[in-house]
Amino acid sequence: MYAVASSSAIPPIPGFPTGVDVHWETQRRVVWNEQEHAREEHELVYEISWIEELGLWRTFLTSHHKVNI
């Protein structure tokens with residue numbers, strides 16, 4: 001089970017080329033914690049950007065943490 005949220009409203013980032021298609025996607029996933037033998041919900045934030053030179057999308061995990069419910 002996981003939920004996805006996406007955001008394309010990007011504040012200007014100094015030094016970042018203008019006109020680059022970048023957005024962030026947040027996913028919440030239930031994972032198994034082997035040490036505690038329990039299920040946990042984790043939130044993962046991905047940066048997704050278009051690499052024009054290669055003609056493909058790049059996905060990079062930027063944040064990963066346990067969600068406290």
Side-chain angles (χ1 to χ4, degrees):
M1 176 196 122
Y2 69 92
V4 176
S6 184
S7 173
S8 59
I10 306 168
I13 301 171
F16 202 76
T18 57
V20 174
D21 188 1
V22 176
H23 63 278
W24 286 265
E25 184 175 290
T26 303
Q27 297 181 359
R28 284 194 169 192
R29 295 188 177 189
V30 176
V31 298
W32 181 256
N33 182 330
E34 186 63 36
Q35 292 177 337
E36 296 181 19
H37 300 288
R39 294 172 48 169
E40 298 175 344
E41 187 172 2
H42 286 239
E43 184 174 86
L44 303 112
V45 178
Y46 293 92
E47 175 188 304
I48 303 171
S49 58
W50 176 253
I51 301 176
E52 188 171 339
E53 298 83 8
L54 300 175
L56 55 86
W57 290 96
R58 174 191 74 114
T59 303
F60 180 73
L61 180 63
T62 58
S63 173
H64 172 218
H65 66 275
K66 180 178 174 183
V67 177
N68 295 325
I69 299 176

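Everything numeric here is computed off the predicted structure, so don't read it as measured data. Hydrogens, waters and symmetry mates are skipped; everything else that's a heavy atom, side chains included, is used.
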Here the gap from E40 atom CD to H65 atom NE2, rounded to the nearest 0.5 Å, amounts to 12.0 Å
Gap separating the OH atom of Y46 from the OG1 atom of T26, nearest 0.5 angstrom
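Rounded to the nearest 0.5 Å, the OH-OG1 separation comes to 10.5 Å.
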| task | List in chain and number order the residues that pass salt bridge (Lys or Arg N to Asp or Glu O under 4.0 Å) with E43, two or more places apart in sequence or in another chain; answer none if no residue qualifies. | result |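 If we apply the salt bridge (Lys or Arg N to Asp or Glu O under 4.0 Å) test to E43, skipping adjacent residues, the hits are R28.
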All side chain to side chain donor-acceptor pair (under 3.5 Å) counterparts of W57, not counting sequence neighbours:
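Testing W57 for side chain to side chain donor-acceptor pair (under 3.5 Å), a comparison that skips the adjacent residues, returns none.
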Minimum-distance pair of heavy atoms, taken over all atoms of H42 and V31:
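Scanning both residues, the minimum pair turns out to be CD2-CG2, 3.1 Å.
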Original post:
Tell me, do R58 and W50 make a side-chain contact under 4.5 Å, heavy atoms counted?
Top reply: no
| message | Suppose clustering is done on Ile, Leu, Val, Met, Phe, Trp and Tyr with side-chain heavy atoms closer than 4.5 Å. Which residues sit in the same group as L56? | response |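 Direct or chained contacts put L56 with I51, L54.
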